[in-house]
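Heads up: the structure comes next, in structure tokens.
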Amino acid sequence: MIEIRSILAPTDFSKHAAKAVRYACLLAERLGAELHLLHVLSDIVPIGPDPMLTPVLPPEYYTEAKDQSLAALETTLEPDWGRPSAVKTSVTWGEPVEEIVAYAREGAIDLIVVATHGRTGLSHVLLGSVAERIVREAPCPVLTIRDREGR
């Protein structure tokens, strides 16, 4: 018997991600699982006119960005989306796929629920697919939620 005790729902705060988070929340409630909400902030490399002189962002920028993301995660769940047994929120810095997979591995996550934009053809080749890479690299099953209305 498969037991799902923890569900990871990564979000970039888009409407596509909101559909997946809602699904993960309802699923966590139904299964009595813990819901993990994760937002990954991309490392920013400021580039100036001279590639040898890259400006440095003040440390406050990183602290404020993380604090704002944590606050946004705290208000992500709508009351009618269900009530998981517990909700954990986390914000990390890095490349989204690597950070999501690492979080799932380190946290012994049983299921990842992730949004997919449903791109096909040339746009898929050029833009790649975060969801597809998560499916290939994740240490656990991945459920992809496609937002058909957002297309």
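For clarity, every value in this text was computed on a predicted model and none was experimentally measured.
Summarising the geometry of D12 relative to A17, their closest heavy-atom pair is OD1-CB, 3.3 Å, with the distance given to 0.1 Å. Minimum interatomic distance between I112 and C140 (heavy atoms only, all atoms of both residues): CG1-SG, 3.6 Å. Shortest non-hydrogen contact noted between V40 and P96 is CG1-CA, 3.8 Å. A131 and T144 make their closest contact through CB-CG2, 4.5 Å (heavy atoms, listed as atom of the first residue, atom of the second, distance). A pairwise comparison of heavy atoms in A115 and H16 identifies CB-O, 3.3 Å as the closest pair.
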Requested in this report: Before giving the answer on side chain to side chain contact (heavy atoms under 4.5 Å, CB included), spell out for L143 and V114 the whole-Å C-alpha distance, their side-chain angles and the decisive distance to 0.1 Å.
Outcome: CA-CA 6 Å; L143 175 62; V114 66; over 6 Å; no

Query - Residues L38, L8; criterion side chain to side chain contact (heavy atoms under 4.5 Å, CB included); working and verdict - result: CA-CA 7 Å; L38 174 66; L8 172 59; 3.7 Å; yes

Query raised in the report: Does the pair L77 and L37 meet the rule for a side chain to side chain contact (heavy atoms under 4.5 Å, CB included), with working shown?
Result: CA-CA 10 Å; L77 302 182; L37 298 175; 4.0 Å; yes

Report task. Walk me through it: do K19 and V21 pass the test side chain to side chain contact (heavy atoms under 4.5 Å, CB included)? Result -> CA-CA 6 Å; K19 290 223 178 219; V21 169; over 6 Å; no

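The number of heavy-atom neighbours closer than 6.0 Å to CZ of R136, taken from other residues, nucleotides and ligands shown, is above 12.
Note on ring orientation: taking the six-membered ring where Trp is involved, the planes of Y62 and W93 are perpendicular (angle over 60°, cut-offs 30° and 60°).
Considering OG1 of T11 and NE2 of H39, their distance stands at 7.5 Å, rounded to 0.5 Å. Atoms OG and NZ, from S90 and K66 in turn, are 6.5 Å apart once rounded to the nearest 0.5 Å. Remark: L27 CG to L31 CG distance equals 4.5 Å, nearest 0.5 Å. With rounding to the nearest 0.5 Å, the separation of CG in L41 from CD in Q68 is 9.5 Å.
Taken together through direct or relayed side-chain contacts under 4.5 Å among Ile, Leu, Val, Met, Phe, Trp and Tyr, Y23 and L73 form part of one hydrophobic cluster. Linking ILVMFWY residues whenever their side-chain heavy atoms come closer than 4.5 Å, directly or via other members, places I2 and L35 in the same cluster. Clustering ILVMFWY residues whenever any of their side-chain heavy atoms sit less than 4.5 angstrom apart, transitively, puts I145 in the very cluster that holds I4.
Checked against side-chain contact (heavy atoms from CB on, under 4.5 Å), E78 has the following partners two or more places apart in sequence or in another chain: D80, W81.
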Contacts under 3.5 angstrom, residues 102-111 side chains, donor-acceptor by atom type, not counting sequence neighbours:
from: Y103; atom 1: OH; to: H36; atom 2: ND1; distance (Å): 2.7
from: D110; atom 1: OD2; to: R5; atom 2: N; distance (Å): 2.8
from: D110; atom 1: OD2; to: S6; atom 2: N; distance (Å): 3.1
from: D110; atom 1: OD2; to: S6; atom 2: OG; distance (Å): 3.4

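Using modelled atom types, one side-chain atom of E29 and one backbone atom of R83 make a donor-acceptor pair closer than 3.5 Å.
V97 places a side-chain heavy atom less than 4.5 Å from the side chain of E137.
Side-chain atoms of T89 and E74 form a donor-acceptor pair, as typed in the model, at a separation below 3.5 Å.
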